[in-house]
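Everything below concerns the one structure shown next.
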Amino acid sequence: MDLDRPDNMMRLEFLNLPANVGVARNAVATFAAQAEFTLSDVEEIRLAVSEAVTNAVVHAYPGRRGWVRVNARLSGSLLELTVDDDGQGIADVALARQASYTTDPERMGLGFSFMEAFSDRLEVGPGPAGGTRVFMVKQPAAVPREEGSSSA
Ligand SMILES: Nc1ncnc2c1ncn2[C@@H]1O[C@H](COP(=O)(O)OP(=O)(O)OP(=O)(O)O)[C@@H](O)[C@H]1O
Ligand SMILES: [Mg+2]
């Protein structure tokens, strides 16, 4: 393990209340700031987390309370994120991921498109105990050259 930049993990669990979207966004952004992310990377991480957590808050548990869990892991400069809920799940993930697809006419149907644009990898499916799991990976836009490597 690199002692200057150790692997790190974080777990958050909160109720599906809109106020907690900002809690999750800020916690993950602070966590990610340990790695070599640029300000614009961190802004993209904030947006991707907001979309995933907002979906869990808005869609997973219609008319009832439920738990939302965020797991974050830093391995070197790679950030892996999962956002889980135990809600109703997504019947057709491929359809749900299409731009402008929404089951709520008040919404734009762009959450998954943003998550895809702002992460390096996005996987959506059922969680281990049902509900929905969103998995995202983010790498720094430009990893700084290793010390001692040639600049030529
Ligand atoms: N955690 C979830 N649980 C259940 N259904 C979900 C979940 N996340 C997304 N969905 C379904 O997938 C659809 C598409 O999600 P997406 O985030 O792309 O759009 P949206 O949430 O409807 O609109 P927007 O994100 O633009 O406000 C949702 O309308 C909803 O039907
Ligand atoms: Mg959404």
Side-chain angles (χ1 to χ4, degrees), residues 5-144:
R5 203 174 54 191
D7 289 356
N8 198 359
M9 291 187 274
M10 176 183 77
R11 287 183 191 167
L12 286 176
E13 192 165 23
F14 47 86
L15 283 177
N16 60 337
L17 295 167
N20 290 331
V21 175
V23 174
R25 175 175 57 219
N26 288 336
V28 173
T30 306
F31 181 82
Q34 299 165 90
E36 314 264 350
F37 290 110
T38 63
L39 284 178
S40 119
D41 288 331
V42 173
E43 195 48 42
E44 292 185 350
I45 291 164
R46 291 170 62 86
L47 290 164
V49 169
S50 295
E51 292 298 335
V53 173
T54 298
N55 277 355
V57 166
V58 168
H59 301 296
Y61 305 99
R64 64 189 173 101
R65 294 273 77 93
W67 291 101
V68 181
R69 289 178 298 279
V70 175
N71 282 257
R73 181 196 178 101
L74 268 177
S75 313
S77 52
L78 190 85
L79 177 70
E80 294 173 294
L81 284 173
T82 56
V83 177
D84 288 334
D85 63 64
D86 308 318
Q88 63 178 352
I90 301 177
D92 186 339
V93 169
L95 181 64
R97 285 182 64 161
Q98 282 178 19
S100 302
Y101 175 84
T102 180
T103 49
D104 178 349
E106 303 281 296
R107 300 199 159 259
M108 307 273 285
L110 293 177
F112 283 128
S113 301
F114 286 136
M115 287 179 243
E116 204 165 302
F118 296 144
S119 67
D120 295 297
R121 189 167 143 203
L122 172 68
E123 290 170 18
V124 185
T132 298
R133 165 166 286 183
V134 173
F135 174 71
M136 291 185 280
V137 176
K138 184 76 176 171
Q139 283 173 291
V143 179

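None of the values given here were measured: they were computed from a predicted structure. For ligands, and for the atoms within them, numbers begin at 1 and follow the listed sequence.
For ligand 1, the polar-atom distance check finds an N/O of Asn55 within less than 3.5 Å of one of the ligand's N/O atoms. The N/O atoms of Thr103, backbone and side chain alike, include one that comes under 3.5 Å of an N/O atom in ligand 1. Checked against a 3.5 angstrom limit, the closest N/O atoms of Ile90 and ligand 1 fall outside it. At least one N/O-N/O distance between Phe112 and ligand 1 falls below 3.5 Å. No N or O atom of Asp104 sits closer than 3.5 Å to an N or O atom of ligand 1.
Residue Gly109 places a heavy atom under 4.0 Å from ligand 1. Residue contacts with ligand 1 include Gly89, since one of its heavy atoms falls under 4.0 Å from the ligand.
Here the closest heavy-atom approach between residue Gln88 and residue His59 is recorded as NE2-O, 2.9 Å. Here the closest heavy-atom approach between residue Gly109 and residue Thr102 is recorded as CA-CB, 3.8 Å.
Residue Asn55 counts as close to the Mg ion (ligand 2), with an N, O or S atom under 2.8 Å.
In this model, a donor atom of one side chain and an acceptor atom of the other lie less than 3.5 Å apart for Ser50 and Arg25.
Closest to atom 27 (O) of ligand 1 among all protein heavy atoms lies Arg107 NH1, 3.0 Å. Ranking protein heavy atoms by distance to atom 12 (O) of ligand 1, first place goes to Ala96 CB, 3.5 Å. What sits closest to atom 22 (O) of ligand 1 on the protein, heavy atoms only, is Thr102 OG1, 2.5 Å.
Counting atoms of ligand 1 from 1 in the listed order, those under 4.0 Å from a heavy atom of Tyr101 are 14 (C), 19 (O). Interface of Glu51 with ligand 1, defined as ligand atoms under 4.0 Å from a residue heavy atom, comprises 25 (O).
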